[in-house]
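For reference, the structure discussed in these notes is given below.
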Amino acid sequence: MSQPTTPTSTMRAISQDRAGAPDVLKVIETARPEPGRGEILVRVRAAGVNPADWKTRERGGFANGSTPPFILGFDVAGVVEGVGAGVTLFHVGDEVFGMPRFPHPAGAYAEYVTAPARHFAPRPRGLDPVQAGALPLAALTAWQALVDTARVRAGQRVLIHAAAGGVGHLAVQIAKALGAYVIATASAAKHDLLRSLGADEVVDYRTQDVAETVHDIDVVLDGIGGANWSRSLRTLRPGGLLVSILPFDDTFPAERAEAAGVRAVFMLVEPDHQGLREIGALVEDGRLRVVVDSVFPLERAAEAHRLGETGRTTGKIVLTVTPASDADEVPPSGDAPDAPDNA
């Protein structure tokens, strides 16, 4: 079990004081938070990087209206350093992972975070901090879309778009664990990976029209939006369900969905202690693995964002926020590899 570090009154973090390109991200020294009632203090070992992060950075605000200066980041893997009044779920030294406070600021790009204890779960056995830091937001999105929203059952046909991306590659495995027949869309370079993750069919969206080649789908998970919503509706059987993880806008053909007798819902992921425990069980059973594309130290967060915005990653990007004493638990960071796009 890890030992707590010596308390300090300040911490390093990545902050921005205005909206803009990745260069607005700067290392700062700021006050270390303290846990309130029902909260824990977590020393961050690794923080996942998600599209929500760079979109928030670029537009300069969170969904709840928070404006700069703020600290980005939602995915956390770390060790409990303190517990607030009333917390019985965790103790100092426990290794945890979670997606605290989403969609409100969590401040994961920092050495410490505080959040409600039940926004975390024990780190799954067999996962190092980097892998655990890559998992929460993407895995919870896939879990809540397929399990809680779509209620996918064995034998159903599930279509997953952008299946080699952060959410997609986990959704493939979760759908497979539920007993579904899984069809994944991806560029040809990603097909072998997706088959190794359990996809039954893989469609090259660059050379094939998904709406013409895929039919009788029970559930579509779509993280692309735009014209893809229309294509997705055409793949569904009557009574089928499109789950979008992007909000619908004026481009969504609602009249087409109604005419086809299918349903469409937008789903926003939520902090979920029980969902994290279920995801951890899949990991420990060997039925779910997270693909980490690149690892950067905290101070290179701007580089991590630039890589993510290229759309040329497979799986997740992770920041390490780890003292040298823990270096044996975290894979070394380095320059990002030249990876193909995440679709």
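Counting non-hydrogen atoms of other residues, nucleotides and ligands closer than 6.0 Å to CZ of R277 gives a total of 12 or fewer. Residue D285 places its CG atom among more than 12 non-hydrogen atoms of other residues, nucleotides or ligands, all under 6.0 Å distant.
Residues satisfying the salt bridge (charged side-chain N to carboxylate O under 4.0 Å, His left out) criterion with R18, sequence neighbours excluded, are absent altogether. F266 meets the ring pair (Phe, Tyr, Trp, His ring centres under 6.0 Å) test with no other residue; sequence neighbours excluded. Residues passing the side chain to side chain contact (heavy atoms under 4.5 Å, CB included) test with A211 are D209, R231, R234, sequence neighbours excluded. Applying the side chain to side chain contact (heavy atoms under 4.5 Å, CB included) criterion to P35, with sequence neighbours excluded, gives E39, L41, T114. Residues that satisfy the side chain to side chain contact (heavy atoms under 4.5 Å, CB included) test with A304, not counting sequence neighbours, are V49, F296, I317, L319. With sequence neighbours left out, D218 forms a salt bridge (charged side-chain N to carboxylate O under 4.0 Å, His left out) with R237. By the ring pair (Phe, Tyr, Trp, His ring centres under 6.0 Å) test, Y109 is found to be paired with H305, residues two or more places apart in sequence or in another chain being considered. By the ring pair (Phe, Tyr, Trp, His ring centres under 6.0 Å) test, F70 is found to be paired with F62, residues two or more places apart in sequence or in another chain being considered. Shown here are the ring pair (Phe, Tyr, Trp, His ring centres under 6.0 Å) partners of F120, two or more places apart in sequence or in another chain: there are none.
Atom-to-atom distance recorded for S9:OG and E34:CD is 9.5 Å, nearest 0.5 angstrom. Note: L25 CG to L72 CG = 6.0 Å, rounded to the nearest 0.5 Å. Here the CD1 atom belonging to I245 is positioned 11.0 Å from the OG1 atom belonging to T149, to the nearest 0.5 angstrom. To the nearest 0.5 Å, the span separating OG1 on T67 from CD on Q16 amounts to 10.5 Å. To the nearest 0.5 Å, atoms CG (D23) and CD (E303) are separated by 10.0 Å. In this structure, the separation between CD1 on I217 and CG on L241 is 12.0 Å, given to the nearest 0.5 Å.
Summarising the geometry of A134 relative to V292, their closest heavy-atom pair is CB-CG2, 4.1 Å, with the distance given to 0.1 Å. Smallest separation of non-hydrogen atoms from E309 and P22: OE1-CG, 3.5 Å. When all heavy atoms of G73 and A106 are compared, the closest pair comes out as O-CB, 3.4 Å. Heavy atoms only, all atoms of each residue included: A110 and I71 are closest at CB-CG2, 4.4 Å. The minimum heavy-atom distance between A115 and R101, with the atom names listed, is CA-NH2, 3.3 Å. Shown here for L236 and V219, the closest heavy-atom pair between the two residues is CD2-N, 4.2 Å.
Using a distance-only test at 3.5 Å, with no hydrogens or angles considered, a donor-acceptor pair links the side chain of Q208 to the main chain of D204. When atom types are taken as modelled, the side chain of Q144 and the backbone of E270 share a donor-acceptor pair closer than 3.5 angstrom. Judged by distance alone, with hydrogens and angles left aside, the side-chain atoms of D75 form a donor-acceptor pair with the main-chain N or O of L137 at under 3.5 Å. Side chain of R57 to backbone of G20: a donor-acceptor contact under 3.5 angstrom is found. For D128 (side chain) and Q131 (main-chain N/O), a donor-acceptor pair under 3.5 Å exists by modelled atom type.
Side-chain contact between L268 and F102 is present, with at least one heavy-atom pair separated by less than 4.5 Å. The side-chain heavy atoms of K316 and N50, taken from C-beta on, include a pair separated by under 4.5 Å. The shortest side-chain heavy-atom distance between T235 and V210 falls under the 4.5 Å cut-off. Residues F74 and P103 are not in side-chain contact: their nearest non-hydrogen atoms beyond the backbone lie 4.5 Å or more apart. Side-chain contact check for L242 versus V262: every heavy-atom pair is 4.5 Å or farther apart. The side-chain heavy atoms of H91 and V80, taken from C-beta on, include no pair separated by under 4.5 Å. L282 places a side-chain heavy atom less than 4.5 Å from the side chain of W143. A heavy-atom distance below 4.5 Å is not found between the side chains of D94 and P122.
Here the rule is salt bridge (charged side-chain N to carboxylate O under 4.0 Å, His left out) with E95, and of R123, R125, R43 only R123 fits it.
Under the 4.5 Å side-chain heavy-atom criterion for grouping Ile, Leu, Val, Met, Phe, Trp and Tyr, M11 is not connected to I28 through any hydrophobic cluster.
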Tabulate below the donor-acceptor pairs under 3.5 Å that side-chain atoms of residues 172-184 make, not counting sequence neighbours, or state none.
| from | atom 1 | to | atom 2 | distance (Å) |
| --- | --- | --- | --- | --- |
| Q173 | OE1 | R289 | N | 2.7 |
| Q173 | NE2 | H169 | O | 2.9 |
| Q173 | NE2 | R289 | O | 2.9 |
| K176 | NZ | D200 | OD1 | 2.8 |
| K176 | NZ | D200 | OD2 | 2.7 |
| Y181 | OH | E201 | OE2 | 2.6 |

If you look only at distance, which donor and acceptor atoms sit under 3.5 Å apart when one is on a side chain in residues 153-162 and the other is two or more places apart or in another chain?
| from | atom 1 | to | atom 2 | distance (Å) |
| --- | --- | --- | --- | --- |
| Q156 | OE1 | R153 | N | 2.9 |
| R157 | NE | H215 | O | 3.4 |
| R157 | NE | D216 | O | 3.2 |
| R157 | NH2 | H215 | O | 2.9 |
| H161 | ND1 | T185 | OG1 | 3.4 |
| H161 | NE2 | N228 | ND2 | 3.4 |
| H161 | NE2 | S232 | OG | 2.9 |

Would H119 and I40 count as a side chain to side chain contact (heavy atoms under 4.5 Å, CB included) here? Give the steps. CA-CA 10 Å; H119 288 189; I40 58 175; over 6 Å; no
Is there a side chain to side chain contact (heavy atoms under 4.5 Å, CB included) between L135 and L170 once you walk through the steps? CA-CA 9 Å; L135 200 55; L170 297 167; 3.9 Å; yes
Criterion side chain to side chain contact (heavy atoms under 4.5 Å, CB included) on L307 and D293, from CA distance to verdict: CA-CA 10 Å; L307 175 64; D293 180 278; 3.9 Å; yes
Checking L246 against F252 for the side chain to side chain contact (heavy atoms under 4.5 Å, CB included) test, could you report, in this order, the C-alpha distance in whole Å, the side-chain angles of both residues, the deciding distance, and whether it holds? CA-CA 11 Å; L246 297 174; F252 178 72; over 6 Å; no
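A salt bridge links R12 with E299: at least one charged nitrogen is closer than 4.0 Å to a carboxylate oxygen.
Sorted by first and then second residue, the pairs that involve residues 242-258 and meet side-chain hydrogen bond (donor to acceptor under 3.5 Å, both in side chains), not counting sequence neighbours, are W229-S244, S230-R256, D249-T251.
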